[in-house]
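Let me begin by presenting the structure, written as structure tokens, before commenting on it.
Just so we're on the same page: letters track the sequence lines, and every chain starts at 1. Keep in mind that this is a model prediction, so the values were computed, not measured.
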Amino acid sequence: MQPRPLAAVAVAATAPFPPSWAHQVRAAATQGDFLHAIALFLRMRAADAPAAPRSAVPASLPAALKCCSALGLPALGASLHALALRSGAFADRFTANALLNLYCKLPAALCCSPSTDDAAGESLESIRKVFDDMPEKDPVSWNTVVFGYAEKGRHQEALGVFREMWTDGCRPNSFTLSSVLPIFAKCSDVRKGMEVHGFATRNGFIDDVFVGSSLIDMYANCTRTDYSVKVFDNLPWRDAILWNSMLAGCAQNGSVEDALGIFRRMLHSGVRPLPRTFSSLIPACGNFASLLLGKQLHAYVIFGGFDGNMFISSSLIDMYCKCGNVSIARHIFDRMQSPDTVSWTAMIMGHALHGPAREALLLFDRMELGNVKPNHITFLAVLTACSHAGLVDEGWKYFNRMSDCYGIAPSLEHHGALADILGRAGELEEAYSFISKMQIKPTASVWSTLLRACKVHKNTVLAEKVAKKIFELEPRSMGSHVILSNTYSCSGRWNEAAHLRRSMRKKGMKKEPACSWIELKNKRHVFVAHDKSHPWYERIIGALNVFSEQMVRQGYVPNTEDVFQDLEEEQKSHVLCGHSEKLAMVFGILNTPPGTTVRVMKNLRICVDCHTVTKFLSKIAERDIVMRDANRFHHFKDGNCSCGDFW
DNA sequence: CTAGGGTTAG
């Protein structure tokens, strides 16, 4: 925004006393002091001031309308609309454009509509009506409407106006492009996005930072970060938001390394990070499950004075939970002044995944008492807690509470969670009939929670019935084939198990290789099951054998239930030795000082034998061991596990 | 008077 000293002087010279009302209103609005601006405007009107000339209304209406949209004041906006029509100010395109903007910015819920049941449609109508009635349309008018429709999710209408603008002889500019690009980002339409990219290049908009960041974001949303990088690298200069778009693009596409690289380049070129830089980076770190990286970023957040931002705190809570340190997460949570729904949800989910799950339910009760409204994800977290704690009655209670008290309709995921609760608790038939009676068509993943429960509770008959349902929906479901085969193996039905494995091979299905990893001194060590080529393999197996002698003296019996192959018992226990989580865990114990907590991550679920062994090891080696599998966290301490052997 | 980037689940 450029200061206009000469114009100001000119206005002041002609006004009754300087500076004029209109000038003051505009100045306050420009500075973002919307309340002050609107107060001034109203005072001017109320005084019916002799001091205020007739020209003061058209001169300050655009600013006043801007305040209404910024502050969300629909009723005042509507009366200004009437004033614009009465006073003839509507003929002024600045006023008309500001009115357009008002109807575009107001959320549907705030739109004053006599019959509130169609507030959204009402606001679209208001936009169209103002637009059609405008005496003259300029590029700003077109851009405002395109943006407004796009923002309200009316993509087709927005693109319609975009085309209409062409035929009306108004050329799109950088504003238009940065309103249209997010549409193609949302629906992942790279082809259309590239057409816009081409247009921007041909018409000299390619160096515009707004167009640039929209392009970067569009390509990233279409999983084409390679194009995002090209756009980014070709820009002549980059502001903080551009760096952020590129960083978020990498982070959302799962490349933490690239995101961190951008972060370093950003710092290196002297651009100060914004709060959003961290709320993009930290979740990526959490998904990468790197506690070391996460802690470094946390340190940066503290030194940079970014703690206190709710987005950042929530993402830190989630990151620490996902990286296996729920107590730091809780520390951050307890220090937040007013955690919002997301913060509570992240913390509840953290406790649900780490156990004791009761803690999650206690938090939920506190959240309700504190009048923070849970949402559908909060209930997923609560149901997860019930599932992990085996609380069937509580599960039903929360499942019903969701719609009864908060008007949230249970989604497919909520149904899946409840089915999981019933199944894990051994109420297999009830789970079966619950899934069968769902109003939403159950997916293979809902059924597979029950299949897993059938395996745990050794109900082969029901397992076959459930597996049939799954294979109808998803014939190549790898996990379900494995579980069914294991269910057969468990009950000694080797022929069926073998048959199933043969048919899997015929279909070309390969089991995802199990792997576990551990971070030590800024380095991640990955272990694949039975990978003898690992330089530490022999030493790890040697140590494992020493431990296992002690374990056997304390009553350890190998549990070969989860061994997929049909082998002799001794061979089976040999197979167990090579499991990746054991390799990673022993590697951790051998390479860290006594007393250090060992944190292991695994891509699949932990097997029964590894769980037992880890309990023994936590006692024998006197270590706290945190193990994250595909489903939850296990905290092993003094021979016990936080999951209570129920997982 | 108009435009760009973010947090919670699986």
Side-chain angles (χ1 to χ4, degrees), chain A residues 26 29-30 61-66 69 92-102 104-105 134 138-148 150-151 172-182 185 205 208-218 220-221 239-249 251-252 274-284 286-287 309-319 321-322 339-350 352-353 374-384 411-414 416-417 420 443 445-446 449 630-631:
Chain A
R26 286 209 304 260
T30 308
L61 253 183
L65 284 165
K66 184 189 175 142
S69 32
D92 166 51
R93 64 184 214 286
F94 290 90
T95 301
N97 284 342
L99 260 175
L100 266 185
N101 189 41
L102 172 77
C104 290
K105 288 279 165 60
M134 283 179 74
D138 65 3
V140 174
S141 327
W142 288 103
N143 288 341
T144 305
V145 177
V146 172
F147 169 79
E151 271 292 290
N173 61 19
S174 61
F175 283 77
T176 333
L177 303 187
S178 59
S179 296
V180 164
L181 280 168
F205 298 125
D208 183 280
V209 283
F210 285 82
V211 173
S213 65
S214 309
L215 279 172
I216 290 169
D217 189 52
M218 183 273 296
N221 269 300
D239 64 4
I241 293 184
L242 258 167
W243 284 100
N244 253 13
S245 313
M246 192 60 245
L247 190 149
Q252 282 154 13
L274 298 164
R276 282 182 198 220
T277 313
F278 294 100
S279 41
S280 295
L281 210 43
I282 294 169
N287 295 329
N309 175 304
M310 206 150 51
F311 281 93
I312 295 182
S313 298
S314 298
S315 59
L316 279 171
I317 290 170
D318 180 59
M319 181 274 292
C321 291
K322 284 185 174 146
D340 71 348
T341 304
V342 174
S343 329
W344 282 98
T345 303
M347 197 63 248
I348 291 171
M349 185 58 89
L353 291 180
N375 63 18
H376 64 120
I377 303 175
T378 317
F379 277 102
L380 264 177
V382 170
L383 292 172
T384 304
S411 71
L412 183 76
E413 284 81 7
H414 296 106
D420 188 47
T443 57
S445 74
V446 175
T449 62
N631 188 44

Which of these nucleotides, [options], is closest to any side-chain atom of [X]?
X	options	result
Thr144(A)	dG4(B), dT2(B), dT8(B)	dT2(B)
Ser280(A)	dC1(B), dT2(B), dG6(B)	dG6(B)
Gln252(A)	dT7(B), dG6(B), dG5(B)	dG6(B)
Ser314(A)	dG6(B), dC1(B), dT7(B)	dT7(B)
Ala346(A)	dT8(B), dG4(B), dC1(B)	dT8(B)
Asp239(A)	dG4(B), dT7(B), dT8(B)	dG4(B)
Thr345(A)	dG4(B), dG6(B), dT8(B)	dT8(B)
Asp318(A)	dG6(B), dG4(B), dT8(B)	dT8(B)
Ser174(A)	dA3(B), dG5(B), dT8(B)	dA3(B)
Pro283(A)	dG10(B), dT7(B), dA3(B)	dT7(B)

Mind calculating the distance between [atom1] ([X]) and [atom2] ([N]) to the nearest angstrom?
X	N	atom1	atom2	value
Asp138(A)	dT2(B)	CG	C1'	9 Å
Leu383(A)	dG10(B)	CG	C1'	13 Å
Asn375(A)	dT7(B)	CG	P	15 Å
Asn97(A)	dA3(B)	CG	P	12 Å
Met246(A)	dG6(B)	CE	C1'	16 Å
Met310(A)	dG6(B)	CE	P	17 Å
His376(A)	dG10(B)	NE2	C1'	12 Å
Ile282(A)	dT7(B)	CD1	P	11 Å

Residue pair Leu100(A) / Met134(A), side-chain heavy-atom distance below 4.5 Å: yes
Are side-chain heavy atoms of Ile216(A) and Leu242(A) found at a separation under 4.5 Å? yes
Under 3.5 Å, is there a donor on one side chain and an acceptor on the other for Ser141(A) and Asp138(A)? yes
Is it true that Asn101(A) and Thr144(A) share a donor-acceptor pair across their side chains at a distance under 3.5 Å? no
Answer with yes or no whether [X] presents, from its side chain, a donor or acceptor under 3.5 Å of a partner atom in the base of [N].
X	N	result
Ser279(A)	dG6(B)	yes
Ser213(A)	dG4(B)	yes
Ser178(A)	dA3(B)	yes

Tell me, please, which residues at least two apart from Asp420(A) pass salt bridge (charged side-chain N to carboxylate O under 4.0 Å, His left out). Arg424(A)
Under 5.5 Å between ring centres and under 30° between planes: true for Phe94(A) and the base of dC1(B)? no
Pair up each side-chain donor or acceptor in residues 339-350 of chain A with any protein partner under 3.5 Å, not counting sequence neighbours, and list the distances.
{"residue": "Asp340(A)", "atom": "OD1", "partner": "Val342(A)", "partner atom": "N", "Å": "3.2"}
{"residue": "Asp340(A)", "atom": "OD1", "partner": "Ser343(A)", "partner atom": "N", "Å": "3.0"}
{"residue": "Asp340(A)", "atom": "OD1", "partner": "Ser343(A)", "partner atom": "OG", "Å": "2.6"}
{"residue": "Thr341(A)", "atom": "OG1", "partner": "Lys373(A)", "partner atom": "O", "Å": "2.9"}
{"residue": "Ser343(A)", "atom": "OG", "partner": "Ser314(A)", "partner atom": "OG", "Å": "3.0"}
{"residue": "Ser343(A)", "atom": "OG", "partner": "Asp340(A)", "partner atom": "N", "Å": "3.1"}
{"residue": "Trp344(A)", "atom": "NE1", "partner": "Pro339(A)", "partner atom": "O", "Å": "3.4"}
{"residue": "Thr345(A)", "atom": "OG1", "partner": "Thr341(A)", "partner atom": "O", "Å": "2.6"}
{"residue": "Thr345(A)", "atom": "OG1", "partner": "Thr378(A)", "partner atom": "OG1", "Å": "2.8"}

Counting any heavy atom closer than 4.0 Å, what does [X] reach on the DNA or RNA strands: base, sugar-phosphate only, or nothing?
X	answer
Asn309(A)	base
Leu65(A)	nothing
Leu247(A)	nothing
Val145(A)	nothing

Are any of Asn101(A)'s side-chain N or O atoms less than 4.0 Å away from OP1 or OP2 of dT2(B)? yes
According to a strict under-4.0 Å criterion, is Lys105(A) in side-chain N/O contact with OP1 or OP2 of dA3(B)? yes
Taking Phe379(A)'s backbone N and O only, do any of them form a donor-acceptor pair with His414(A)'s side chain (distance below 3.5 Å, no angle check)? no
